[in-house]
Amino acid sequence: MDLKLDQISNIVDSTIQITGSKSETNRLLILQALYPEIQIENVSNSDDSQLMQKALASDKELIDIHHAGTAMRFLTAYFAVAKGRDTILTGSQRMQERPIKILVDALRQLGCEITYEKEEGFPPIKLKGTPPNTHKVALAANVSSQYISALMLIASSLPKGLEISLEGKVTSVPYIKMTLSLLNDVGITGSFENNTIKIDPIGVVTPKTIVVESDWSSASYYYSIVALSDSKTITLGSYKKVSYQGDSVLAEIYNQLGVQTSFSDHKVTLKKVPLAADMKELVLDLSNAPDIAQTIAVTCFGLGIACHLTGLHTLKIKETDRLEALKTEIEKLGGSVTITNNSLTLAAATGIKQDVAIETYNDHRMAMAFAPLALRTSLLIKDADVVSKSYPDFWKDLKQVGFKAV
């Protein structure tokens, strides 16, 4: 489905309830599968979380997780130690191009039996559920945090727990801390110190209900909308002032882009304030929050200011090569972008072209990151229903804010 967004002059003040965090939900679903005593509320309604639930409930040998990268990583670890169960994990064509070797190698260090069904280092993979014969594993620290979290999530179910040694500089630290915090919430003890993660074993946990915080990555699009609006306010629920999610750094970042954030009663209110007169270029290291890079780059483009974003090396192995995709689509709109394997540099734009068709590359964040530009131009979002991967209600909620989508 392609969606035409007419240019609008402004938005309307609104209150939006955003679904639970996909990142938190998928971690908790693995923990719930290991410890059924856990109950989860405000579960994400994203495709990824629904695919995770379906996979965990299935007794079939072949599990297809389509585009769900988080599910691929977490389920690889989960099924690798599921004693007596043989599983083949596969996904979409793009998923079969996304590397899994680092995680597979780590699990093999533990004694798990995993083989590749097609190309070495990539899904589909066959897992013969095997109890580990050691409780120590080492892997590079600068890999996707999902590999590390996948190991952390199964660690407490292993006889001796798990000690993970990270070699080099750790990236995406907030996601590792999120996983550790959720383990602690469930009643599992562990630590993360000096590049070493230790998770203690536990057989059963005390029954409890965990409420998932709403998704900060999804909130980013409303920060962009308010930044591009004229003196408007959007309130979002349900959020915590002290969040486990690394993307909550949005409040600090967008303060530089003319958006003031306030918290009250588990809601966050975004208010447009004047952009600082000397704001000509935004310079950020997004190593700890790479998922919001697309939104920030597009916001800066819409505001006509330059930006230099670094710490983006993981974006090349996402649903698409997000750096190449950003460059291509922003330049179609009249912008100028330079990228490396780790960075994106945007020149200050002097104008924005009308009626450009934005390709989304099977990437939900491409669709949602570019949508706020309807406050500057009319545009066509190709394959707009790709947003269901993380935020199925996105287009409906945008209409509530005042966007005109046909």
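Any value given below was found using the heavy atoms of this structure, including those in side chains, with hydrogens, waters and symmetry copies removed. Given the structure is predicted, the values throughout are model-derived calculations rather than measurements.
- Within the 3.5 Å criterion, the main-chain N or O of D230 finds a donor-acceptor partner in the side chain of N10.
- Taking a 6.0 Å sphere around CD of E61, one finds it holds more than 12 heavy atoms contributed by other residues, nucleotides or ligands.
- Taking 4.5 Å as the limit, some side-chain heavy atom of I292 sits within range of a side-chain heavy atom of V249.
- Between the S149 side chain and the Q146 main chain, no donor and acceptor come within less than 3.5 Å of each other.
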Step-by-step side-chain contact (heavy atoms from CB on, under 4.5 Å) determination, Y35 to I202: CA-CA 10 Å; Y35 305 104; I202 188 171; 3.3 Å; yes
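- By the 4.5 Å heavy-atom criterion applied to side chains, L286 and I253 are counted as neighbours.
- For the pair P201 and K160, the minimum side-chain heavy-atom distance is 4.5 Å or more.
- Side-chain atoms of Q32 come within 3.5 Å of backbone N or O of I38 as a donor-acceptor pair.
- Proximity of a side-chain donor or acceptor of T130 to a complementary backbone N or O of K128 within less than 3.5 Å is detected.
- At a cut-off of 3.5 Å, with distance as the only test, a side-chain donor of S238 or Q17 sits close to an acceptor on the other residue.
- Using a 3.5 Å distance cut-off with no hydrogens or angles, the side chains of S287 and D285 do pair a donor with an acceptor.
- More than 12 heavy-atom neighbours from other residues, nucleotides or ligands sit within 6.0 angstrom of NZ on K240.
- In this structure a side-chain-to-backbone donor-acceptor pair under 3.5 Å is present from Q109 to A138.
- In this structure, R27 and L153 have side chains that are in contact, with non-hydrogen atoms separated by less than 4.5 Å.
- V337 places none of its side-chain heavy atoms less than 4.5 Å from the side chain of F301.
- Checked for salt-bridge contact, D291 and R322 meet the test: a charged N lies under 4.0 Å from a carboxylate O.
- More than 12 heavy atoms of other residues, nucleotides or ligands sit less than 6.0 Å from atom CG of N133.
- Using modelled atom types and a 3.5 Å distance limit, the side chains of N26 and S49 yield a donor-acceptor pair.
- Between the CE atom in M72 and the OG1 atom in T70 there is a gap of 11.5 Å [rounded to 0.5 Å].
- A heavy-atom distance below 4.5 Å is not found between the side chains of T19 and F394.
- Checking S220 against T295 by side-chain atom types alone, a donor-acceptor pair falls below 3.5 Å.
- The pair R94-E97 meets the salt-bridge criterion, since a charged nitrogen lies less than 4.0 angstrom from a carboxylate oxygen.
- Separating the CD1 atom in I164 from the CD1 atom in I199 is a distance of 6.5 Å, to the nearest 0.5 Å.
- The closest side-chain donor-acceptor pair between H308 and T345 falls under 3.5 angstrom.
- In this model, no donor atom of one side chain and acceptor atom of the other lie less than 3.5 Å apart for T377 and Q7.
- The two residues D6 and A374 come nearest to each other via the heavy atoms O-CB, 3.8 Å.
- Side-chain atoms of Y244 and S21 include no donor-acceptor pair closer than 3.5 Å.
- The CG atom of L28 sits 11.5 Å away from atom OG of S44, with the distance rounded to the nearest 0.5 Å.
- Heavy-atom minimum distance, C300 versus L282: SG-CD2, 3.9 Å.
- Under the 3.5 Å distance criterion, the side-chain polar atoms of Q400 are matched with a main-chain donor or acceptor of T15.
- Of all non-hydrogen atoms in Q53 and L29, the two that sit nearest each other are CG-CD1, 3.6 Å.
- When only modelled atom types and interatomic distance are considered, Y222 and S14 share no side-chain donor-acceptor pair under 3.5 Å.
- A 6.0 Å sphere centred on CG of D355 holds more than 12 heavy atoms belonging to other residues, nucleotides or ligands.
- With rounding to the nearest 0.5 angstrom, the OG1 atom of T189 is 3.5 Å from the CG atom of D200.
- Here the side chains of V386 and I381 are not in contact, with every heavy-atom distance at 4.5 Å or above.
- What you find for N184 and G190 is that their closest heavy atoms are OD1-N, 4.0 Å.
- A donor-acceptor pair is defined here as one N or O able to donate and one able to accept, closer than 3.5 Å; no such pair exists between the side chain of N42 and the backbone of V211.
- Of the inter-residue distances, the one linking L312 atom CG with T340 atom OG1 reads 8.0 Å to the nearest 0.5 angstrom.
- For the residue pair S243 and E213, a side-chain donor N or O sits within less than 3.5 Å of a side-chain acceptor on the partner.
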Full working for side-chain contact (heavy atoms from CB on, under 4.5 Å) between T360 and F370: CA-CA 9 Å; T360 53; F370 278 86; over 6 Å; no
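- The two residues L51 and A68 come nearest to each other via the heavy atoms CD1-CB, 4.0 Å.
- The residues D2 and K4 are annotated as not salt-bridged, no charged nitrogen and carboxylate oxygen being separated by less than 4.0 angstrom.
- Here CD1 of I18 is found 4.5 Å from OH of Y391. Values are rounded to the nearest 0.5 Å.
- Within a 6.0 Å sphere centred on NZ of K208, heavy atoms belonging to other residues, nucleotides or ligands number more than 12.
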Derivation and outcome, side-chain contact (heavy atoms from CB on, under 4.5 Å), residues D397 and Y221: CA-CA 11 Å; D397 289 347; Y221 313 115; over 6 Å; no
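- Ionic pairing of E329 and K332 is present here: one or more N-O contacts between side-chain nitrogen and carboxylate oxygen are shorter than 4.0 angstrom.
- Side chain of R73 to main chain of A150: no donor-acceptor pair is present (N/O by atom type, distance under 3.5 Å, no hydrogens or angles).
- In this structure, A297 and I330 approach most closely via the heavy-atom pair CB-CD1, 4.4 Å.
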side-chain contact (heavy atoms from CB on, under 4.5 Å) assessment of H67 paired with D47: CA-CA 9 Å; H67 294 306; D47 284 355; over 6 Å; no
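- In this structure a side-chain-to-backbone donor-acceptor pair under 3.5 Å is missing from Y175 to Q245.
- A side chain to side chain donor-acceptor pair (under 3.5 Å) with T269 holds for exactly one of T261, D13, T235; it is T235.
- A donor-acceptor contact shorter than 3.5 Å is absent between the side chain of N195 and the backbone of K169.
- Contact of the L139 side chain with the L166 side chain is registered, since non-hydrogen atoms from C-beta on lie closer than 4.5 Å.
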